Structures are given as C-alpha cells and as structure tokens.
Amino acid sequence: MGISGFNPSFLVGVEAVRHTHGTRLAALVGRPLTGCALVRFVEDGDWFADCPVVLDFDGIQVEVCHSQFDLLSIGWDTIDTAATITGWEESEFTPRWSQDDERLEVLVGQELREVALLEWQPAERDLAAGTVALEFAFADGRLRIVNGLDENRIETGAAQPEYVRHRLGR
C-alpha cells in the first residue's frame, strides 16, 4: 500500500487476537485518545478503507487493519502518518493521511474506559461469522473497527446484538 512502517501480521479468531494483543490492548485503559489518522484520497476526500485505522493513546499508537473475510492485524507504533504514501504515482488517486473524521474527532481527548474484542455470532451462519472487531469504550461513546468484508468499517454507538463481547482490561 506504500504506507511507511506498515507490515501487517494478520490473525484469525478471537483467541489468537487475545493471546497476541490482549495484554497490550488492556493496558490502554485509562489513557486518553489523543489522535487518529485515516487514509483519504486528496481528489474527493473519500476514506480508503483498505488502509489501517491509526489511533494514538497518549503516545501509544494502535494500528488496526482488516482484510479478506476474517483477517485482523493490530500493529503497535510502526506507521509514520507524517510520511508520504508512495507507489500511487500512476494512479488517478492520491492517498494521504488525514486526521479528519467526525466519528473519531468527538472521542479525541476522552479517556479510554474499556477495550473489548467483539466476535460476530449471528443466529444463522453467514460469511462474517467468527470475524473479530475491536471496540473502544469512552465516557461519551463507543468506537468499533470491524471487518467490512475485506476492508475496515467504523461503527459508533451500541454494538449489534449478534456480537459476543470479550472484555479486556478493567
């Protein structure tokens, strides 16, 4: 993708994610969200949802990226959001890091109260069954980065009842 420092390590399933990242995610509780970054196209401002969502918790950067139907990568302090995204010179689009997103901006400055892994378990089997979303709870809202079936999707508010919550932290 031409993103400086981005080297995804994809995992499948809630237990693999909890085992690999649960302790570090839980340690974020109590820290304020101090920034965020998404890749947007300069030409129209659209979010390029294939790229990682970067959240900064007072100096600890979490980089979340979903791929395919069930893959989740969580990175830590590797992406340089100040660097130019390369490899798009032949494209009609120009991707750039942006801190502008109304869903995320309202949470900046708030202390993280809870982190959870959410496992999609619908009553009837579907393609997304078993996918893992990452949920961050703040005093004034919840943020979820979910698998949009081969890309990231950002959701706010209450989670759908088909999610099984696996709480991390306090």
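These numbers come from a predicted model, not from an experiment. We count residues from 1, following the sequence as given.
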Smallest separation among heavy atoms of [X] and [Y], with atom names:
| X | Y | result |
| --- | --- | --- |
| Glu162 | Pro122 | CG-CA, 3.8 Å |
| Asp77 | Glu63 | N-OE2, 3.3 Å |
| Gly157 | Arg144 | O-NH1, 2.7 Å |
| Gly35 | Leu33 | O-CD1, 3.4 Å |
| His166 | Val14 | CD2-CG2, 3.6 Å |
| Cys65 | Phe10 | O-CE2, 3.5 Å |

Transitively linked via ILVMFWY side-chain contacts under 4.5 Å: [X] with [Y]?
| X | Y | answer |
| --- | --- | --- |
| Val39 | Val64 | no |
| Val17 | Val12 | no |
| Leu72 | Phe6 | no |
| Leu118 | Leu104 | no |
| Ile60 | Val115 | yes |

How about [X] and [Y]: do any of their side-chain heavy atoms sit closer than 4.5 Å?
| X | Y | value |
| --- | --- | --- |
| Val106 | Asp140 | no |
| Val146 | Thr131 | no |
| Gln68 | Glu151 | no |
| Val132 | Asp70 | no |
| Arg24 | Trp76 | yes |
| Glu111 | Arg31 | no |
| Ile3 | Cys51 | yes |

message: Set out, in order, the CA-CA distance, both residues' side-chain angles and the distance that settles side-chain contact (heavy atoms from CB on, under 4.5 Å) for Ser67 and Asp150, then state yes or no.
response: CA-CA 4 Å; Ser67 185; Asp150 199 27; 3.7 Å; yes
Could you measure the distance from the [atom1] atom of [X] to the [atom2] atom of [Y]? Nearest 0.5 Å is fine.
| X | Y | atom1 | atom2 | result |
| --- | --- | --- | --- | --- |
| Leu38 | Arg96 | CG | CZ | 15.5 Å |
| Thr94 | Arg40 | OG1 | CZ | 15.0 Å |
| Ser73 | His21 | OG | NE2 | 6.5 Å |
| Asp126 | Phe69 | CG | CZ | 10.5 Å |
| Leu25 | Ile74 | CG | CD1 | 5.0 Å |
| Gln61 | Ile79 | CD | CD1 | 6.5 Å |

query: Does a sphere of radius 6.0 Å around CD in Glu43 hold more than 12 heavy atoms from other residues, nucleotides or ligands, not counting ones at 6.0 Å or beyond?
result: yes
message: Looking at Gly87, is its backbone amide N or carbonyl O close enough to the side chain of Glu89 to form a donor-acceptor pair, meaning the two atoms are under 3.5 Å apart?
response: yes
- request: Give a yes or no on whether the backbone of Thr86 and the side-chain of Thr84 come within a donor-acceptor separation of less than 3.5 Å.
  value: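 Not a single qualifying donor-acceptor pair exists.
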message: Assess, by modelled atom type and distance only, whether the side chains of Thr34 and Asp58 contain a donor and an acceptor separated by less than 3.5 Å.
response: no
field: Reference residue His66; test side-chain contact (heavy atoms from CB on, under 4.5 Å); the match among Leu71, Val53, Ile145
entry: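 That would be Ile145; it is the only one of Leu71, Val53, Ile145 passing the side-chain contact (heavy atoms from CB on, under 4.5 Å) with His66.
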message: As a test of understanding, state which of Leu112, Leu134, Ile154 forms a side-chain contact (heavy atoms from CB on, under 4.5 Å) with Leu143.
response: Ile154
message: Looking only at the aromatic ring of each residue, does the gap between the centers of Trp120 and Tyr163 stay below 6.0 angstrom?
response: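 They qualify: ring centres under 6.0 Å apart.
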Phe48 and Phe93 aromatic centres sub-6.0 Å: no
Residue pair Leu168, Leu117: steps toward the side-chain contact (heavy atoms from CB on, under 4.5 Å) verdict: CA-CA 7 Å; Leu168 305 171; Leu117 302 176; 3.9 Å; yes
query: Would Arg103 count as a cation-pi partner of Trp47, with NZ or CZ less than 6.0 Å from the six-membered ring centre and within 45° of the ring normal?
result: yes
- request: Test Glu155 against Gln160 for side-chain contact (heavy atoms from CB on, under 4.5 Å), laying out the working first.
  value: CA-CA 10 Å; Glu155 297 177 350; Gln160 296 177 42; 3.9 Å; yes
message: Would Leu107 and Phe136 count as a side-chain contact (heavy atoms from CB on, under 4.5 Å) here? Give the steps.
response: CA-CA 10 Å; Leu107 300 172; Phe136 300 93; over 6 Å; no
